[in-house]
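Counting starts at 1 for both ligands and their atoms, following the listed order. Here the structure is a predicted model, which is why all the values come from computation and not from measurement.
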Amino acid sequence: MVLDYDVLSLNVGSTLNPPALEGTHVLPLRPLGGLRVAWEALLAELAQAPLRPLAITAVGGGAAGVESVLAVLARLRALQPARALKAVLVSRSVSLLPGLPRAAARSAQAALAAAGVELRLDTNYNAGDAPASDVLLWAAGAEAHAWQRDSGLTVGASGYIRIDGHLRSLSHPNVHAVGDCADWADPLPKAGVYAVRMGPVLSRNLRAALGVGTPQAYLPQPRVLALLATADGNAIASWGPLALRGRWVQRWKERIDGDFLQRFVLQPHPVPPTRSSPVPRVST
Ligand SMILES: Cc1cc2nc3c(=O)[nH]c(=O)nc-3n(C[C@H](O)[C@H](O)[C@H](O)COP(=O)(O)OP(=O)(O)OC[C@H]3O[C@@H](n4cnc5c(N)ncnc54)[C@H](O)[C@@H]3O)c2cc1C
């Protein structure tokens, strides 16, 4: 499909390119929409399958790898308590949760140990010689969509669209890009908190590009709150150098996430009856 534009806004996120493995359910953690469909399909298949032991490998020791392997184990244990599960998390980093404080990494390590996850740090996952797995959770960071490199837009070394402070492409000022698909000179972590905060600035700047109002510069917040669910009723909070784990953190996370999602629930608007338009009748 070819679409013409005067002003373009790219918000296509990031992706992952996991290995295709015969006999293994490979679940890439990005794009998130595809993950949900693949996970529900796997659960439906497991519900019909014999209760033989299941080997799960998670690749990636960042927040997504830790959260997903813990969530998958908790869900499977709740649905099929009689099924034996073996889980391993492989990461080429020397520590868990790079970029977060060490106390957060220690809490994550304790949660993984309590859930029975074997941890292999400083290890490069190689599909050719890795032990066979029934489920492979691919959480090895984020990758730019391949087409971005061929788009003619200026991209960084990793293929993300380089943008200026007004969220415009460095090479094409009538193209805006935000969130995971975009990069500053000093790249931001691929986190939703940045994508979400860019939204209102993007909205204003798109209007400005169409001649309404003035553009605004986006200033990323210097530090962000990270809340990681450990699927045991607890969550880990990290803010700057501080990290805490507890049930209250999980309740806090649920409240923040719930309030955010609530903003996108469409409420039905009652249509007031008008005198000129008679109420339609349904024929039976
Ligand atoms: C498991 C996991 C947990 C995470 N938890 C957190 C968290 O707790 N806090 C946090 O801040 N961040 C978290 N993140 C990161 C966060 O999800 C991303 O940074 C955020 O979603 C990026 O938003 P985005 O709008 O740029 O991209 P996305 O949310 O990926 O949205 C991109 C959209 O574009 C669509 N799209 C892609 N290509 C095309 C195309 N060619 N045509 C049309 N549509 C297209 C996709 O279908 C998708 O709907 C998590 C990520 C993962 C994987």
Are W184 and Y160 an aromatic pair, judged by ring center distance below 6.0 Å? no

Which atoms from ligand 1 have a heavy atom of [X] less than 4.0 Å away?
| X | result |
| --- | --- |
| N11 | 32 (C), 33 (C), 34 (O) |
| G13 | 26 (O), 27 (O), 30 (O), 32 (C) |
| D180 | 18 (C), 19 (O), 22 (C), 26 (O) |

Identify, for [atom], the protein heavy atom at the shortest distance, and state residue, atom and that distance.
| atom | result |
| --- | --- |
| atom 14 (N) of ligand 1 | G192 N, 4.4 Å |
| atom 8 (O) of ligand 1 | K253 NZ, 4.1 Å |
| atom 23 (O) of ligand 1 | A195 CB, 3.6 Å |
| atom 53 (C) of ligand 1 | L29 O, 3.3 Å |
| atom 51 (C) of ligand 1 | R30 NH2, 4.0 Å |
| atom 40 (C) of ligand 1 | V12 CG1, 4.1 Å |

Contact check: E67 vs ligand 1, nitrogen or oxygen atoms, below 3.5 angstrom: no

Using a strict threshold of under 4.0 Å (side-chain N to carboxylate O), is an ion pair present between K190 and D183? yes

Do you see a donor-acceptor pair shorter than 3.5 Å between the side chains of [X] and [Y]?
| X | Y | answer |
| --- | --- | --- |
| S95 | S93 | no |
| N205 | S203 | no |
| T214 | R204 | yes |
| Q250 | N234 | no |

Between L32 and ligand 1, find which residue part has any heavy-atom pair under 4.0 Å and reply side chain, backbone, both or neither. side chain

Proximity of A191 to ligand 1 by residue part, where a heavy atom lies under 4.0 Å: both

Counting only non-hydrogen atoms of the protein, does one fall under 4.0 Å from atom 27 (O) of ligand 1? yes

Within the protein, is there a heavy atom lying under 4.0 Å from atom 44 (N) of ligand 1? no

For atom 15 (C) of ligand 1, which candidate among K190, H145, M198 holds the nearest heavy atom? K190

Quick one: closest heavy-atom pair of D134 and P53, and the distance? OD2-O, 3.9 Å

Can you check side chain to side chain contact (heavy atoms under 4.5 Å, CB included) on N17 and W138, steps first, answer last? CA-CA 9 Å; N17 292 296; W138 194 257; over 6 Å; no

Do V26 and V135 touch side chain to side chain, with heavy atoms closer than 4.5 Å? no

